[in-house]
Number of protein chains: 2
Amino acid sequence: MTEKSLTLQLDFHSGLPIYTQIVNQIQSQLANGILKPGDQLPTVRALASELRVNFNTVARAYRMLDEVRIISTQQGRGTFITEKPPPEVSEKLRHESLTALTHRFISEAFRLGFSEREVGQMVRDSLKSWKEANDKDDEQESNQENEK
Amino acid sequence: MTEKSLTLQLDFHSGLPIYTQIVNQIQSQLANGILKPGDQLPTVRALASELRVNFNTVARAYRMLDEVRIISTQQGRGTFITEKPPPEVSEKLRHESLTALTHRFISEAFRLGFSEREVGQMVRDSLKSWKEANDKDDEQESNQENEK
DNA sequence: CTGTATATTGTACTAATTGTATCATTGTAT
DNA sequence: ATACAATGATACAATTAGTACAATATACAG
């Protein structure tokens, strides 16, 4: 079984509960096609082991996603992305996932004591250099960053 | 976990409140590099037990430090030193930490398939709404803009 | 093919750890 | 004596972990 490794990056100091981070990131990955309808997610225990958290924390995240019909959890079988995410929800989800990601980023930056101006400037600069790098070599494909 | 033992010397006769002494000494240790950003502090109960004081006294000290964003307390999780660099730390370090943070954010956003334009727009919007929220009513009320 | 044992998977309930809120007690200055 | 600040006691809330269980799939004996 090709279980999605589901590369999630948790920040244990961010102040956001682990389960919220898991929910957000799975939503993001679905909204952007990294996860697709029908995909099987890792089992609660497998993902928990990978993330070094208790499997009930993952189960809680899965349950939240299940409640909004984004995934379908089936006892004894596994957890799957729902087949038909309502199309109008899809774009909304995508937008929300970027909102959540950005929110996390800005919140963290402010927590670190940076000003609005500094953050805005840094984002502009970074986006610009990123774009330049991508112009020469447009390969979104191999953008799977590896972690240990 | 490597909980900092956080050797604090309390003077019960000094006339300074315990919580003030705790606040001062944690600030000192942070300024001297004994405590570093990201470090987890002892729990209110653990430190209280070690210092032989009530845990609410420690909680009070932690709350004061939290209000000035020196530490970040999270119910159910613990207490951590913020990444906020002390004023005497070089501007270079400060810049580097924002660069790294932004880099991670943008990298993640692109990995999720968002475009440069989407990311830029979302950051602008978020910064704007954040500013507005802070302008009209900072519910923290304790907006210490006075640096010490 | 069928029935049963076993493993795998999610669920439910509970416990433990952490910080928060509120009020009571104590000590001291006026 | 009164007022107020410091500290302590108690109850609560949020997060995560532990344990037992139910549903399903799989392997295998017959």
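No hydrogens, no waters, no symmetry mates; every other heavy atom, side chains included, goes into these values.
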Practice task
Compare all side-chain heavy atoms of Leu6(A) with those of Gln29(A) and state whether any distance is below 4.5 angstrom.
Solution key: yes
Pairs under 3.5 Å (N/O, protein and nucleotides 2-4 of chain C):
none

Problem - Nucleic acid contacts - residues 52-59 of chain B versus DNA chain C, non-hydrogen atoms under 4.0 Å - result: Phe55(B), Asn56(B)
Handout entry: Rounded interatomic separation in angstrom, taking CD from Gln75(A) and C1' from dT9(C)
Key = 7 Å
Practice task
Would you check if the side chain of Asp66(B) reaches a backbone N or O of Tyr62(B) as a donor-acceptor pair within less than 3.5 Å?
Solution key: no
Problem - Integer-rounded Å distance: dA12(C) P and Asp66(A) CG - result: 10 Å
Handout entry: Check: Asn32(B) side chain, Ile34(B) main-chain N or O, donor-acceptor pair, under 3.5 Å
Key = no
Problem - Cluster overlap Leu51(B) with Phe55(B), hydrophobic side-chain contacts below 4.5 Å - result: yes
Practice task
Would you indicate, yes or no, if dT8(C) has its OP1 or OP2 atom less than 4.0 angstrom from a side-chain nitrogen or oxygen of Thr43(A)?
Solution key: no
Show me the donor-acceptor pairs within less than 3.5 Å that the side chains of residues 17-25 of chain A make with the rest of the protein, sequence neighbours left out.
from     : atom 1 : to       : atom 2 : distance (Å)
Tyr19(A) : OH     : Arg60(A) : NH2    : 3.3
Gln21(A) : OE1    : Asp11(A) : N      : 2.8
Gln21(A) : NE2    : Asp11(A) : O      : 2.9
Gln21(A) : NE2    : Ser14(A) : OG     : 3.2
Gln21(A) : NE2    : Leu16(A) : O      : 2.9
Asn24(A) : ND2    : Thr20(A) : O      : 3.4
Gln25(A) : OE1    : Gln9(A)  : N      : 3.0
Gln25(A) : NE2    : Gln9(A)  : O      : 2.7

Handout entry: Hydrophobic cluster identity match, Phe110(B) and Leu101(A), side-chain contacts under 4.5 Å
Key = yes
Exercise for the section: Mind calculating the distance between CG (Leu16(B)) and C1' (dT28(C)) to the nearest angstrom? Expected result: 16 Å
Handout entry: Main-chain N/O of Leu41(B) paired to Thr79(B) side chain as donor or acceptor, under 3.5 Å
Key = no
Practice task
Under the ring pair (Phe, Tyr, Trp, His ring centres under 6.0 Å) rule, collect the residues that match up with His103(A), sequence neighbours excluded.
Solution key: Trp130(B)
Fill in the blank from the handout: DNA chain D nearest-nucleotide lookup for Arg45(A) and Gly76(A): closer to the 5′ end is Arg45(A)
Completion exercise
dist Ser126(A):OG -> Ile106(B):CD1 (nearest 0.5 Å) comes out at 4.5 Å
Practice task
Name the nucleic acid region contacted by Arg60(B), choosing base, sugar-phosphate or nothing; use a 4.0 angstrom heavy-atom cut-off, strictly under.
Solution key: base
Problem - Between dT28(C) (P) and Phe12(B) (CZ): distance, integer Å - result: 15 Å
Fill in the blank from the handout: dist Ile71(B):CD1 -> Arg63(B):CZ (nearest 0.5 Å) comes out at 11.0 Å
Problem - Side-chain N or O of Thr79(B) closer than 4.0 Å to phosphate OP1/OP2 of dT18(C) - result: no
Practice task
Report the distance from atom CG of Leu41(A) to atom C1' of dG10(C), rounded to the nearest whole Å.
Solution key: 13 Å
Fill in the blank from the handout: At a 4.0 Å cut-off to heavy atoms of chain A, the contacted part of DNA chain D spans dT15(D) to dA25(D)
Problem - Whole angstrom value for the distance that separates P of dG10(C) from CZ of Arg63(A) - result: 14 Å
Handout entry: Residues that Glu118(B) engages under side-chain contact (heavy atoms from CB on, under 4.5 Å), provided they are two or more places apart
Key = Arg94(A), Leu98(A), Phe114(B), Ser115(B)
Handout entry: Cluster check Leu10(A), Leu35(A): I/L/V/M/F/W/Y, side chain < 4.5 angstrom
Key = yes
Completion exercise
Between OH of Tyr62(A) and P of dT11(C) the distance, given in whole Å, is 11 Å
Fill in the blank from the handout: note: Phe80(A), atom CZ; dG10(C), atom C1'; distance rounded to Å ~ 11 Å
Problem - Opposite nucleotide pairing with dA21(C), Watson-Crick or G-U, both atom distances under 3.5 Å - result: dT10(D)
